[in-house]
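Below: one structure, written as structure tokens.
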Amino acid sequence: MKTDHELLSAFAPSGTLRASINLGNPILANTDPATGQPVGVSVDLATELARRLDVKLELVVFKSAGESVNAVAAEQADVGFFAIDPLRGEQIAFTAPYVVIEGAYLVRDDSPVTAMEQVDSQGVRVTVGKGSAYDLYLTRELKHAEIFRAPTSPAVVDTFMKENLEVAAGVKQQLQADAARLGGLRLLDGHFMLIRQAMGVPKSRGDKASAYLSAYVEAMKKAGFVADALARHKIQGAAVAPLEATGA
């Protein structure tokens, strides 16, 4: 995976690789309480990519997936880490996923909603993080329930509680943590979607850049880099995505 001038210009036209980091998904990135710096599997992947390209790395940090996606789509960042979605794919070339995450529903203990199949009903308001993968997916899929958008994914459960809404939707791990923090809440069994988290580059950067990034992700999965990063950051609720049949 040697680099050339054309590839470097595609990934880092400024001479620095700007990686869009989303702190709204705790499986991908968190803030280190000791240093205040972002840490996580996405940060590790960005760091290794910059090392392989032999360029400096700049982390462009956001609180929500929507902001992170917009930064890459607008070329205010060179690469990013997002859930694969057709709408996002209009401007961003995605790799295959490097991790797969469960999207789950949370309700109050006394809620009459006891199964996922009951969520899409009249009078049910489902809280999602604005612009998140869950927002995009559920906006397409829910036919009867109403979508209520919180400012960010980490704010979903607090918004759900404050506004007295019926259901909260998001990363299973985040919902579990919020349920433990607040009490009186329970997750519905199962998942409403499997979120495929991938890397992405603006489509305007060309096929060579997207092919290199795809090969890089497959190499990182195959070498155990992604699994090691998940273990090192003590991440539960995510699995390394299977290798692509034609991957590196």
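Only heavy atoms go into these numbers, but all of them, side chains included; no hydrogens, no water, no symmetry mates.
No donor-acceptor pair under 3.5 Å is formed between the side chain of Ser153 and the backbone N or O of Asn25. Side-chain atoms of Lys203 come within 3.5 Å of backbone N or O of Gly89 as a donor-acceptor pair. Judged by distance alone, with hydrogens and angles left aside, the side-chain atoms of Gln197 form a donor-acceptor pair with the main-chain N or O of Ala83 at under 3.5 Å. Panel note: side chain Asp120, backbone Ala145; a donor-acceptor pair is recorded below 3.5 Å. Within the 3.5 Å criterion, the main-chain N or O of Gln76 finds a donor-acceptor partner in the side chain of Arg18. Looking at Ser121, its side chain does come within 3.5 Å of a backbone N or O of Gln118 through a donor-acceptor pair.
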Report the C-alpha separation of Val41 and Ile235 in whole Å, then their side-chain angles, then the decisive distance to 0.1 Å, and conclude whether the side chain to side chain contact (heavy atoms under 4.5 Å, CB included) test is met. CA-CA 9 Å; Val41 61; Ile235 298 301; 6.0 Å; no

Criterion side chain to side chain donor-acceptor pair (under 3.5 Å) on Thr159 and Thr127, from CA distance to verdict: CA-CA 8 Å; Thr159 301; Thr127 327; over 6 Å; no

Stepwise, does the salt bridge (Lys or Arg N to Asp or Glu O under 4.0 Å) test hold for Arg125 with Glu146? CA-CA 5 Å; Arg125 295 164 297 174; Glu146 178 185 352; 5.4 Å; no

Yes or no on side chain to side chain contact (heavy atoms under 4.5 Å, CB included) for Thr139 and Val128, after CA distance, side-chain angles and deciding distance? CA-CA 10 Å; Thr139 296; Val128 297; over 6 Å; no

Residues Leu53, Phe11; criterion side chain to side chain contact (heavy atoms under 4.5 Å, CB included); working and verdict: CA-CA 9 Å; Leu53 292 171; Phe11 272 110; 3.9 Å; yes

Would Val107 and Leu185 satisfy side chain to side chain contact (heavy atoms under 4.5 Å, CB included), going step by step from the backbone distance to the final call? CA-CA 6 Å; Val107 297; Leu185 304 171; over 6 Å; no

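Looking at Glu67 and Lys63, no side-chain N of the basic residue comes within less than 4.0 Å of a carboxylate O on the acidic one, giving no salt bridge. Contact check on Asp110 versus Arg186 returns no salt bridge, with no Lys/Arg side-chain nitrogen under 4.0 Å from an Asp/Glu carboxylate oxygen. At a threshold of 4.0 Å, the pair Arg149-Asp135 counts as salt-bridged, since one of the basic side-chain nitrogens sits closer than that to a carboxylate oxygen.
At most 12 heavy atoms of other shown residues, nucleotides or ligands fall within 6.0 angstrom of atom NZ in Lys162. For CG of Asp189, the number of neighbouring non-hydrogen atoms (other residues, nucleotides, ligands) closer than 6.0 Å is 12 at most. Other residues, nucleotides and ligands contribute over 12 non-hydrogen atoms within 6.0 Å of the NZ atom of Lys221.
Val72 and Val61 end up in different hydrophobic clusters when Ile, Leu, Val, Met, Phe, Trp and Tyr side chains are linked at under 4.5 Å. Note: the hydrophobic cluster containing Phe82 does not contain Leu45 (ILVMFWY, side chain heavy atoms under 4.5 Å, direct or indirect links).
Rounding to the nearest 0.5 angstrom, the gap separating the CD1 atom in Ile195 from the CD1 atom in Ile27 is 8.0 Å. Atoms CZ and OG1, on Phe62 and Thr152 in that order, are 14.0 Å from each other to the nearest 0.5 Å. Remark: Ser20 OG to Ile92 CD1 distance equals 8.5 Å, nearest 0.5 Å. Summarising the geometry, atom CD belonging to Glu90 is positioned 12.0 Å from atom CZ belonging to Arg88; distances are rounded to the nearest 0.5 Å. Summarising the geometry, atom CZ belonging to Phe81 is positioned 9.0 Å from atom OG belonging to Ser68; distances are rounded to the nearest 0.5 Å. Note that OG of Ser14 and CD of Glu58 are 7.5 Å apart. Values are rounded to the nearest 0.5 Å.
In this structure, Arg196 is not positioned above the aromatic face of Phe94 in the sense of NZ or CZ being under 6.0 Å from the six-membered ring centre and within 45° of the axis.
Within the 4.5 Å cutoff, the side chain of Leu165 has heavy atoms near those of the Phe148 side chain. Under the 4.5 Å side-chain criterion, counting only non-hydrogen atoms from C-beta, Leu175 is not in contact with Tyr105. Residues Arg181 and Asp158 form a side-chain contact, since some pair of their non-hydrogen atoms from C-beta on lies under 4.5 Å apart. At a threshold of 4.5 Å between non-hydrogen side-chain atoms, the residues Arg108 and Met161 count as touching. Counting heavy atoms from C-beta outward, Leu188 and Leu106 have side chains that stay 4.5 Å or more apart. Pro38 places a side-chain heavy atom less than 4.5 Å from the side chain of Leu23.
No side-chain donor-acceptor contact under 3.5 Å links Ser214 and Glu218. Between the side chains of His233 and Asp44, at least one donor-acceptor pair of N or O atoms lies under 3.5 Å. The closest side-chain donor-acceptor pair between Ser204 and Glu75 falls under 3.5 angstrom.
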